[in-house]
K.L.:
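Take this structure first; my questions come after.
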Amino acid sequence: MDIENTAELRLLIECARGGSLTAASREMGITPAAASAMLKKLEARLGVRLAERSTRALRLTAAGERLRDYAQRALELLDEGLALVTEGDAPDAAKHGRGAALRGRIRLSASSDLTRRIVLPLLDDFLDRHPGVELQLNVGDALQDVVRDEVDLALRYGELADSRLVARKLHDGRRLLVASPDFLKRHGRPSHPSDLTRFECIRFKIGDRLERDWRFWRRDAPPLMPVDVTVQGRRTADDGGIAHQWALEGRGLTYKSELDIRDSLASGALVEALPEWMGRPMPLHALMPSQRFLPLRVKALVDHLAEGLRREAPRAG
């Protein structure tokens with residue numbers, strides 16, 4: 001074992017946080033000389049340089065950054081385990097309204113429209129129940145590499161392509177073609193997906209990929225014969241919330257997950273433009289890097305989101 005004690009890991013974390021050995025030693029309650037000796041001893045034992053030092057500052061090397069990330073996760077798991085031993089089982093504590101047993105940071109990535117319209121209240125409720133949990137929320141529609149970017153949990157629509165990830169389905173749904181009543185009054189309503197070539201359509205760009213081909217199935221027909229149409233439009237966004245807002249303002253038709261737009265459909269602010277047709281399946285998954293060493297706080301958040309979405313399901317129709 002190349003790590004002799006947790007103090008070495010904590011030193012690396014504090015060095016990165018404070019930017020100097022002096023700041024790190026102050027946080028740990030040791031002298032700067034002791035902190036320097038500890039870091040040198042760790043580097044010598046591992047055979048790799050972990051930090052670049054100057055008279056005033058310290059910067060971790062790439063190897064140091066990598067070890068720091070794993071050290072932070074390891075210590076969070078250890079702190080969580082100690083809390084469970086001293087304070088009781090976390091699920092049992094949650095059941096009885098006690099949240100102290102869940103501790104540590106959760107790094108969550110989720111798409112913009114989903115977060116703002118659906119997930120944010122569920123996250124706030126979870127944090128209220130578990131005051132020992134810290135949430136680091138990354139909102140955006142660009143797809144992150146869950147493993148490379150050290151994300152604990154990602155909420156993503158669509159079918160899964162990365163077999164390295166552990167996934168739990170949170171919600172079944174589809175895309176729908178929607179527009180504001182005012183837009184349909186001004187421009188008419190399509191009667192078939194092929195009609196969309198003459199309508200203004202609000203499209204998405206995910207990463208480098210522009211979604212210009214929209215697929216539909218008749219609701220009353222076997223799902224063997226989809227209809228694909230290549231749409232055009234003057235507005236393209238890489239943010240689902242902007243596309244949603246444009247549709248609400250009557251700027252065009254858009255092709256959105258029914259979960260994202262359920263409140264707008266319920267209020268009548270948006271309506272289905274082709275009610276006899278449905279779009280691509282858009283299941284919502286919770287993605288995790290690994291089931292091994294999955295922190296209980298992450299599992300508890302996934303359970304909370306699943307329950308919240310199940311409770312709200314009747315509104316999504």
K.L.:
Taking all non-hydrogen atoms of both residues, which atom of G140 and which atom of R156 are closest, and how far apart?
P.N.:
O-NH2, 3.8 Å
K.L.:
Nearest 0.5 Å, what's the OG1-CD1 distance between T254 and I261?
P.N.:
8.5 Å
K.L.:
State, yes or no, whether a side-chain contact exists between Q232 and R212 at a heavy-atom distance under 4.5 Å.
P.N.:
no
K.L.:
State whether D303 and R168 are salt-bridged, where the test is any N-O pair (Lys NZ or Arg NE/NH1/NH2 against Asp/Glu carboxylate O) under 4.0 Å.
P.N.:
yes
K.L.:
Nearest 0.5 angstrom please: L153 CG to N138 CG, how far?
P.N.:
12.0 Å
K.L.:
According to a hydrophobic-cluster definition based on side-chain heavy atoms being under 4.5 Å apart (Ile, Leu, Val, Met, Phe, Trp, Tyr only), do I202 and V271 belong together?
P.N.:
no
K.L.:
Verify, without hydrogens or angle tests, whether T61 (side chain) and R49 (backbone) share a donor-acceptor contact under 3.5 angstrom.
P.N.:
yes
K.L.:
So, do V227 and W277 sit near enough that their side-chain heavy atoms are less than 4.5 Å apart?
P.N.:
yes
K.L.:
Quick check for you: to the nearest 0.5 Å, what is the distance between R17 atom CZ and L60 atom CG?
P.N.:
11.5 Å
K.L.:
Rounded to the nearest 0.5 Å, what separates atom CD1 in I242 from atom OG in S112?
P.N.:
7.5 Å
K.L.:
Would you say the side chain of L270 lies within less than 4.5 Å of the side chain of L176, judging by non-hydrogen atoms?
P.N.:
no
K.L.:
Nearest heavy-atom pair of L274 and P190: which atoms, and what distance?
P.N.:
CD2-O, 3.3 Å
K.L.:
Under a 4.0 Å threshold between the charged nitrogen and the carboxylate oxygen, would E272 count as salt-bridged to R219?
P.N.:
yes
K.L.:
Salt-bridged, D152 to R297, with N to O below 4.0 Å?
P.N.:
no
K.L.:
Check the pair L253, V231 against side-chain contact (heavy atoms from CB on, under 4.5 Å), reporting the backbone distance first and the verdict last.
P.N.:
CA-CA 10 Å; L253 294 150; V231 300; over 6 Å; no
K.L.:
Below 4.0 angstrom, N of the basic side chain to O of the carboxylate: do E65 and R68 qualify?
P.N.:
yes
K.L.:
Do the side chain of H130 and the main chain of R103 share a donor and acceptor less than 3.5 angstrom apart?
P.N.:
no
K.L.:
When rounded to the nearest 0.5 angstrom, what distance separates SG in C201 from CG in L196?
P.N.:
5.0 Å
K.L.:
Nearest heavy-atom pair of P283 and D172: which atoms, and what distance?
P.N.:
CB-OD1, 3.9 Å
K.L.:
Identify each donor-acceptor pair in which a side-chain atom of residues 21-32 lies under 3.5 Å from a protein atom, sequence neighbours left out, and give them as a table.
P.N.:
unit_1	atom_1	unit_2	atom_2	d
S25	OG	L21	O	3.1
S25	OG	T22	O	2.8
T31	OG1	A34	N	3.0

K.L.:
For E307 and R129, what are the C-alpha separation, side-chain angles and deciding distance, and is it a salt bridge (Lys or Arg N to Asp or Glu O under 4.0 Å)?
P.N.:
CA-CA 15 Å; E307 175 60 29; R129 295 187 188 190; over 6 Å; no
K.L.:
Minimum heavy-atom separation for E43 and A51, please, with both atom names.
P.N.:
OE2-N, 3.2 Å
K.L.:
Would you compute the distance between atom CZ of R117 and atom OG of S257 and round it to the nearest 0.5 angstrom?
P.N.:
12.0 Å
K.L.:
Do R262 and I118 touch side chain to side chain, with heavy atoms closer than 4.5 Å?
P.N.:
yes
K.L.:
Given side-chain contact (heavy atoms from CB on, under 4.5 Å), test F216 with H192 step by step and report yes or no.
P.N.:
CA-CA 10 Å; F216 298 89; H192 187 274; over 6 Å; no
K.L.:
Linking I/L/V/M/F/W/Y whenever their side-chain heavy atoms sit closer than 4.5 Å, directly or via other members, would L309 and I106 fall into one cluster?
P.N.:
yes
K.L.:
Is any side-chain N of the basic residue among E211 and R175 closer than 4.0 Å to the acidic one's carboxylate O?
P.N.:
yes
K.L.:
Answer yes or no: is there a donor N or O on one side and an acceptor on the other, between the side chain of Y255 and the main chain of R280, under 3.5 Å?
P.N.:
yes
K.L.:
Would you kindly confirm whether L210 and F199 end up in one hydrophobic cluster when ILVMFWY residues are joined by side chain heavy atoms under 4.5 Å apart?
P.N.:
no
K.L.:
The test is side-chain contact (heavy atoms from CB on, under 4.5 Å); show your working for L42 and L11 and say whether it passes.
P.N.:
CA-CA 10 Å; L42 177 60; L11 174 64; over 6 Å; no
K.L.:
Is W214 reachable from F204 through a run of I, L, V, M, F, W or Y residues, each pair having side-chain heavy atoms under 4.5 Å apart?
P.N.:
no
K.L.:
Sub-3.5 Å donor-acceptor pair from the side chain of T230 to the main-chain atoms of D213, do we have one?
P.N.:
no
K.L.:
Determine whether more than 12 heavy atoms belonging to other residues, nucleotides or ligands lie under 6.0 Å from atom CZ of R105.
P.N.:
yes
K.L.:
Mind checking whether R10 and M38 have side chains closer than 4.5 Å, heavy atoms only?
P.N.:
no
K.L.:
With the 4.5 Å side-chain cut-off for hydrophobic clustering, are F126 and L135 part of the same group?
P.N.:
yes
K.L.:
Might you point out which heavy atoms bring P181 and A269 nearest each other, and give the distance in Å?
P.N.:
CD-O, 3.3 Å
K.L.:
I'd like to know if the side chain of E200 reaches the main chain of G252, judged simply by a donor and an acceptor atom lying under 3.5 Å from each other, with no hydrogens or angles considered.
P.N.:
no
K.L.:
Hey, which of D260, D113, D239 is the one that makes side chain to side chain donor-acceptor pair (under 3.5 Å) with H244?
P.N.:
D113
K.L.:
Per the side chain to side chain donor-acceptor pair (under 3.5 Å) rule, what does the pair list look like for residues 176-191, sequence neighbours excluded?
P.N.:
D182-R186, S191-D195
K.L.:
Would a distance-only check, ignoring hydrogens and angles, find a side-chain to backbone donor-acceptor pair under 3.5 Å from E258 to R174?
P.N.:
yes
K.L.:
Between L108 and V298, does the side-chain contact (heavy atoms from CB on, under 4.5 Å) criterion hold? Intermediate values first, please.
P.N.:
CA-CA 9 Å; L108 171 64; V298 176; over 6 Å; no
K.L.:
Between A273 and L184, what is the shortest heavy-atom contact and its length?
P.N.:
CB-CD2, 4.3 Å
K.L.:
Tell me, please, which residues at least two apart from D228 pass salt bridge (charged side-chain N to carboxylate O under 4.0 Å, His left out).
P.N.:
R215
